[in-house]
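Here the structure is laid out as structure tokens; the discussion comes afterwards.
One-based numbering, in listed order, for ligands and for the atoms of each. These numbers come from the heavy atoms of this one structure, side chains and all, not from hydrogens, waters or symmetry mates. The model shown is predicted, which means the values in this text are computed figures rather than measured ones.
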Amino acid sequence: MSSSLEGKVALVTGASSGIGRATAHALAAAGASVALAARRADRLEELRVELESKGATVQVIGLDVTDEQAVAAAVRSALDTLGRLDILVNNAGLMLLGPVEDADTTDWTRMMDTNVMGLMYMTHAALPELIRNQGTIVQISSIAARVVGRGSAVYNASKFAVNGFSEGLRQEVTERGVRVVVIEPGTVETELRDHITHAPSKAAITERVARIRQLQSEDIADAVLYAVTAPPHATVNEIFIRPTDQA
Ligand SMILES: NC(=O)c1ccc[n+]([C@@H]2O[C@H](COP(=O)([O-])OP(=O)(O)OC[C@H]3O[C@@H](n4cnc5c(N)ncnc54)[C@H](OP(=O)(O)O)[C@@H]3O)[C@@H](O)[C@H]2O)c1
């Protein structure tokens, strides 16, 4: 096991699948202790067993990031159990595509609450400890913060919000040694699309991605690892990573 993150503690939201799961693997393999947060605690338990079998120190935290009090309790619990916090990966997210006209606005609420409010609550709760440790915050944003498309307006809005929030945060904390990293993946093969409730949008994106070689979660985990293992004086502010086949 490499030791570049030996002695560091990371908290990864949305660690129960996809990019979050792969990121937890990568951080643990680099020597970090990892707190795994998501709603599906059974999935997190499976991951804990896997990571512990490779020698990692792991904590499972059942968490809905839209619940601000639960977020604060999760950060306290990670500090109590793992002793400190150096890296926060705000990865939990939803992509509920569909046109604005006739939208089921509960999709909007779920998406904004998770992608935006959840990420901001997590950041707020962890920030004092991250300032203390000159830590790193990694925001899993999206190509949707850069490229706008029909049927994606609210997902776009949520990821534009992530980027705006993160740049403002960066300016507030960078001179105190806290690094804010924004990662913007294009299409990654995960469960993200499974949750789309608007059937025509789901069918269209399923058809579109079938024609390309999608990114894998491990590609994004590699990008996270690159950013968090950069020397402390260097901040990788932004990584935009797309499938080669995605024009
Ligand atoms: N896949 C892509 O093409 C792509 C591209 C660009 C950006 N992204 C971003 O990457 C991030 C991860 O997505 P993914 O592609 O890995 O999809 P995924 O496999 O569906 O993972 C999403 C994760 O978010 C968690 N989550 C959702 N709502 C939550 C909540 N309220 N509280 C806590 N955790 C919650 C889920 O866990 P539970 O259901 O167990 O809570 C799950 O672990 C998202 O922010 C997404 O926007 C993905």
Return a table of donor-acceptor pairs under 3.5 angstrom between the side chains of residues 155-163 and protein atoms on other chains or two or more places apart.
unit_1, atom_1, unit_2, atom_2, d
Asn156, OD1, Gly149, N, 3.4
Asn156, OD1, Ser152, OG, 3.3
Asn156, ND2, Ala144, O, 2.7
Asn156, ND2, Val147, O, 3.1
Ser158, OG, Asn115, ND2, 3.1
Ser158, OG, Tyr155, O, 2.8
Lys159, NZ, Ile140, O, 3.0
Asn163, OD1, Ser141, OG, 2.6
Asn163, ND2, Glu184, OE2, 2.8

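- Salt bridge absent: Glu46 and Arg43 never bring a charged side-chain N and a carboxylate O closer than 4.0 Å.
- Among all non-hydrogen protein atoms, the one lying nearest atom 27 (C) of ligand 1 is Arg39 NH2, 3.4 Å.
- For atom 15 (O) of ligand 1, the closest non-hydrogen atom on the protein side is Thr190 OG1, 2.6 Å.
- A heavy-atom separation below 4.0 Å is not found between Ser217 and ligand 1.
- In this structure, Ile143 has no heavy atom closer than 4.0 Å to ligand 1.
- In this structure, Glu184 does not count as a contact residue of ligand 1, since none of its heavy atoms falls inside 4.0 Å of the ligand.
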**Request:** Before giving the answer on side-chain contact (heavy atoms from CB on, under 4.5 Å), spell out for Val138 and Leu88 the whole-Å C-alpha distance, their side-chain angles and the decisive distance to 0.1 Å.
**Result:** CA-CA 6 Å; Val138 180; Leu88 169 65; over 6 Å; no

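- Scanning both residues, Thr187 and Pro243, for their nearest heavy atoms gives O-CG, 3.4 Å.
- For atom 3 (O) of ligand 1, the closest non-hydrogen atom on the protein side is Val188 N, 2.7 Å.
- Thr197 and Asp104 share no side-chain donor-acceptor pair at under 3.5 Å.
- Of all the heavy atoms of Ala144, none lies under 4.0 Å from any atom of ligand 1, so neither backbone nor side chain is involved.
- Contacts with ligand 1 closer than 4.0 Å are made by heavy atoms of both the backbone and the side chain of Leu192.
- Protein heavy atom in closest approach to atom 33 (C) of ligand 1: Leu63 O, 3.2 Å.
- Counting only non-hydrogen atoms, the option in Ser142, Ala145, Gly186 that gets closest to atom 5 (C) of ligand 1 is Gly186.
- Under a 4.5 Å side-chain heavy-atom criterion applied to ILVMFWY residues, the cluster that includes Val49 comprises that residue alone.
- Classification of Arg21 and Glu50 as a salt-bridged pair holds, one side-chain N sitting under 4.0 Å from a carboxylate O.
- Listed by number with element, the atoms of ligand 1 under 4.0 angstrom from any heavy atom of Thr187 are 3 (O).
- The closest heavy-atom contact to atom 9 (C) of ligand 1, among the options Val209, Leu215, Ile140, comes from Ile140.
- Residue, atom and distance of the protein heavy atom nearest to atom 42 (C) of ligand 1 are Ser17 OG, 3.4 Å.
- In terms of polar-atom proximity, Lys159 is counted as a contact of ligand 1, with an N or O under 3.5 Å from an N or O of the ligand.
- In this structure, Glu172 does not pair ionically with Arg176, as no charged nitrogen and carboxylate oxygen lie closer than 4.0 Å.
- Side chains of Arg179 and Thr136: a donor on one and an acceptor on the other come within 3.5 Å.
- Heavy-atom minimum distance, Val182 versus Ser166: CG2-CB, 3.6 Å.
- Heavy-atom contacts of Tyr155 reach the following atoms of ligand 1: 7 (C), 8 (N), 46 (C), 47 (O) (cutoff under 4.0 Å).
- Classification of Glu238 and Arg146 as a salt-bridged pair holds, one side-chain N sitting under 4.0 Å from a carboxylate O.
- Atom CZ of Arg40 is surrounded by more than 12 heavy atoms from other residues, nucleotides or ligands within 6.0 Å.
- Considering backbone and side-chain atoms together, Val65 places an N or O closer than 3.5 Å to an N or O of ligand 1.
- Proximity to Gly18 (heavy-atom distance under 4.0 Å) selects the following atoms of ligand 1: 16 (O), 19 (O).
- Protein heavy atom closest to atom 22 (C) of ligand 1, with residue, atom name and distance, is Gly93 O, 3.7 Å.
- No more than 12 heavy atoms of other residues, nucleotides or ligands sit less than 6.0 Å from atom CD of Glu175.
- The protein heavy atom nearest to atom 12 (C) of ligand 1 is Asn91 OD1, 3.1 Å.
- Regarding atom 25 (C) of ligand 1, its nearest protein heavy-atom neighbour is Gly14 CA, 3.5 Å.
- Against a heavy-atom cut-off of under 4.0 Å, Asp64 is close to the following atoms of ligand 1: 30 (C), 31 (N), 32 (N).
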